[in-house]
Amino acid sequence: MQRKRLALHMKIRLSKGNFIFNNIHTRSMYKKEEIMSIYIKKNKFLFILTILTSVISSLGYVFMAVLLQQLLDIAMDKNIQQFIKMVIFSIVYFVVLGFFLYLQTLLCKKVICKIMLQIRSDVFRGTINHSIEDFEKKNTADYISVVTNDVKMLEDNFLLPLFEVVQYTVIFISSFVLMIYFDIIVTLCVIVAIAAMFLIPSLLGGTLEKRQNKFSSKLADFTVSLKDILSGFEIIKSYSMSNTVIQRFDRANNETIKSKYSVDRLLALNEGLSAFLALMVQIVVLFLSAYFIIAGRITVGTLLGMVQVSSNLANPLIMIFTNIPKMKSVHPIVEKLEIISKHSIFLPRNESIATYQSHISAKDLSFSYDGTTDILSGIDCLIEKGKKYVIVGKSGCGKSTLIKLLSGYYSTYKGKILYDDTEFHMLDKDSVVQLSSIIHQNIYMFDETIYDNICLHEHYPEEQVEKIIEDSGLTEFISELPTGLQYRVGENGSNLSGGQKQRIAVARALIRNKPILILDEGTSAIDMLTAYDIENRLLKMENLTLITITHHLEQNLLDKYDEIFYMENGHIKERGSFKHLVNTSSCFSEYFHLKK
């Protein structure tokens with residue numbers, strides 16, 4: 001068994017080493033480049049193809065001004081043969097242009113979908129790769145908001161505007177060249193009008209970025225509030241809180257909409273100013289061209305072509321100067337996504353894999369959740385392999401916190417936690433968590449089948465699954481179900497009773513055969529006979545280290561534990577076997593008899 005475990009640890013180390021080696025370059029890119037440039041490079045072939053088709057379709061769109069000029073001049077000359085040739089050419093031209101416009105739109109949507117898929121995947125992987133301690137620093141709804149709201153904002157305010165800027169930049173440059181071809185004097189006048197338009201993004205971009213960041217925060221707060229309200233739906237109905245939560249929702253909703261409107265208001269100002277200046281460009285072109293026709297400098301066809309080109313100068317500028325502030329405004333969101341998604345890349349570590357060959361020990365252990373009030377203080381304990389321990393004490397004395405620390409949930413403690421004499425901070429944190437299975441009082445169930453909730457999408461022999469079902473007391477319940485193990489449990493086990501969820505949780509823990517099993521009030525929802533039977537079976541497993549937190553003080557079971565820890569106010573007040581404590585201890589004996 002020891003040789004197998006060592007081989008498994010070596011395999012994990014080797015696989016992690018290969019994964020690290022393959023991702024060092026990727027990780028270094030995260031340090032040097034913004035996250036968006038990385039995703040563009042990942043899809044560079046599709047991205048370049050999209051840009052190429054955008055350039056071709058944009059040039060084709062601009063060239064329509066030349067067609068209009070030629071068509072009007074031919075009409076003015078009343079040349080029917082040239083007119084027929086122009087009609088045939090135009091039909092072919094518009095068919096080809098239509099194809100490229102379709103191809104450009106299709107490729108644009110394709111590359112955006114791929115990038116969005118990759119961003120969401122990396123953000124989710126980064127979220128999952130958080131340690132339990134880091135994950136709990138934020139509300140779950142904050143992560144949901146990032147994956148949904150912030151990623152969507154990135155699509156709307158960066159990816160879509162990016163392709164629009166590229167497209168309209170090509171239209172603007174080619175139209176500008178065409179304008180020079182038509183008349184240089186008109187072009188110089190247009191340049192003066194355009195220069196004023198360049199000031200808008202620089203004036204509004206910084207303010208828009210701040211408001212966009214505030215809006216992102218408000219969306220996250222709104223998601224947190226909504227999740228909190230819906231999670232407490234049963235309490236809301238039981239205590240007639242409907243009016244209160246509606247008012248709370250309305251406040252959060254109003255604040256979010258106000259924040260959004262502040263962004264939209266600035267965007268409207270940006271768009272309005274850009275549209276006004278673009279209109280000025282067209283007016284300059286129109287009046288100058290009309291004057292040059294009177295002066296005999298240009299033809300009527302050239303006037304039409306210049307008016308068309310001027311719209312190709314003005315409208316693209318409106319889009320460019322509208323989109324540039326949008327793209328700048330997502331910088332805080334990009335930073336937020338980058339911070340989360342970087343967790344999806346493993347960094348090189350010098351940490352060792354945690355082992356449990358002999359013992360886990362805590363020495364002078366203290367811990368505080370908020371950094372001010374100690375939940376645990378001066379804890380010394382030894383958990384030897386294969387032995388059975390029970391932790392008892394009044395609610396709030398620190399029992400569950402101690403278990404979480406020994407299981408590797410938190411690292412911000414004082415003192416030492418040793419795994420086979422190696423300190424926790426020198427070990428790979430994930431490997432520490434993998435040493436134990438914990439059965440909590442509040443069990444979470446995925447909205448899947450009973451089988452999936454037990455095996456968690458891992459493969460186990462049918463005989464092993466059947467034995468675990470029997471050991472956890474599920475046999476009778478499953479036999480009564482029409483679909484047996486394939487019965488869907490509903491959202492968080494809504495189709496199950498509390499006791500049934502508890503039994504499934506026991507089966508989920510036992511089937512993994514980890515060296516440590518922790519029952520944190522894990523059989524509290526099961527009837528006394530089944531609870532006694534399960535705990536008694538666990539106590540008989542020789543290679544299993546069992547740590548039980550309980551308020552049910554059954555003498556026949558307590559007597560089978562190797563050691564009892566009695567806790568008060570964050571301290572282990574007394575320890576020893578049941579017979580020793582009940583006969584010599586004042587605190588545990590009083591607590592035991594009071595419970596009885």
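Values in this document were obtained by computation on a predicted structure and should not be read as measured data.
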Do the side chains of Leu267 and Asp264 get nearer than 4.5 Å, heavy atoms only?
yes
Heavy-atom pair with the smallest gap, counting every atom of Arg508 and Asn453:
NE-O, 2.8 Å
For the atom pair CD1 (Ile115) and NZ (Lys42), what is the distance rounded to the nearest 0.5 Å?
10.0 Å
Suppose the criterion is side chain to side chain donor-acceptor pair (under 3.5 Å): which pairs have a residue in residues 82-107, not counting sequence neighbours?
Ser57-Gln104, Gln104-Gln167
I'd like to know whether CZ of Phe124 has more than 12 heavy-atom contacts from other residues, nucleotides or ligands below 6.0 angstrom.
no
Separation of Tyr487 OH from Asn495 CG (nearest 0.5 Å):
4.0 Å
Please give me the minimum heavy-atom distance between Arg512 and Tyr460, naming the atom from each residue.
CG-OH, 3.5 Å
Answer whether the closest heavy-atom distance between the side chains of Leu59 and Phe63 falls below 4.5 Å.
no
In Å and rounded to the nearest 0.5 Å, what is the CZ to CD1 distance from Phe83 to Ile88?
11.0 Å
State, with a plain yes or no, whether a side-chain heavy atom of Lys214 is found less than 4.5 Å away from one of Ser217.
no
Judged by atom type as modelled, is there a donor-acceptor pair below 3.5 Å linking the side chain of Asn492 to the main-chain atoms of Met445?
yes
Does any non-hydrogen side-chain atom of Ile511 lie less than 4.5 Å from one of Cys455?
yes
Closest heavy-atom pair and its distance - Phe424, Tyr410:
CE2-O, 3.8 Å
Look at the side chain of Asp428 and the backbone N and O of Ser431, then say whether any donor-acceptor pair between them is shorter than 3.5 Å.
yes
Would you say Glu458 has more than 12 foreign heavy atoms packed within less than 6.0 Å of its CD?
yes
pair Ile438-Tyr409: side-chain heavy atoms closer than 4.5 Å
yes
So do the side chains of Arg251 and Arg248 get within less than 4.5 Å of each other, counting heavy atoms only?
yes
Kindly check if the number of other-residue, nucleotide or ligand heavy atoms within 6.0 Å of OH (Tyr444) is above 12?
yes
Measure the spacing between CG of Asn254 and OH of Tyr261 and express it to the nearest 0.5 Å.
14.5 Å
Within the distance-only criterion (no hydrogens, no angle test), does the side chain of Ser121 pair as donor or acceptor with the backbone N or O of Leu117 below 3.5 angstrom?
no
Measure from the ring center of Phe47 to the ring center of Tyr39 and say whether it is less than 6.0 Å.
no
Taking all non-hydrogen atoms of both residues into account, name the closest pair between Arg120 and Val151 and its distance.
CG-CG1, 3.7 Å
Indicate the atoms forming the closest heavy-atom contact of Gly408 with Val433, along with that distance.
O-CG2, 3.9 Å
Report the C-alpha distance between Thr223 and Thr148 in whole Å, list the side-chain angles of each, state the deciding distance to 0.1 Å, and finish with yes or no for side-chain contact (heavy atoms from CB on, under 4.5 Å).
CA-CA 10 Å; Thr223 307; Thr148 54; 5.6 Å; no
Using a 4.5 Å cut-off on heavy atoms from C-beta on, say whether the side chain of Arg488 contacts that of Asp447.
yes
Can you name the side chain to side chain contact (heavy atoms under 4.5 Å, CB included) partners of Asp156, sequence neighbours left out?
Lys152, Leu160
Working to the nearest 0.5 Å, report the span between SG of Cys108 and CD of Glu164.
8.0 Å
Please walk me through it: do His425 and Ser411 pass side-chain contact (heavy atoms from CB on, under 4.5 Å)?
CA-CA 7 Å; His425 292 106; Ser411 60; 3.9 Å; yes
Could you walk me through whether Phe446 and Leu456 pass the side-chain contact (heavy atoms from CB on, under 4.5 Å) test, one step at a time?
CA-CA 9 Å; Phe446 294 99; Leu456 298 179; 4.1 Å; yes
Does the Ser259 side chain pair with the main chain of Thr256, one donor and one acceptor, at a distance under 3.5 Å?
no
Does the side chain of Ile51 reach to within under 4.5 Å of the side chain of Phe163, using non-hydrogen atoms?
yes
How many angstroms lie between OG in Ser175 and CD1 in Ile180, if you round to the nearest 0.5 Å?
11.5 Å
List the steps and the verdict of side-chain contact (heavy atoms from CB on, under 4.5 Å) for Leu485 and Thr449.
CA-CA 7 Å; Leu485 282 171; Thr449 66; over 6 Å; no
Heavy-atom pair with the smallest gap, counting every atom of Tyr168 and Pro316:
O-CB, 3.4 Å
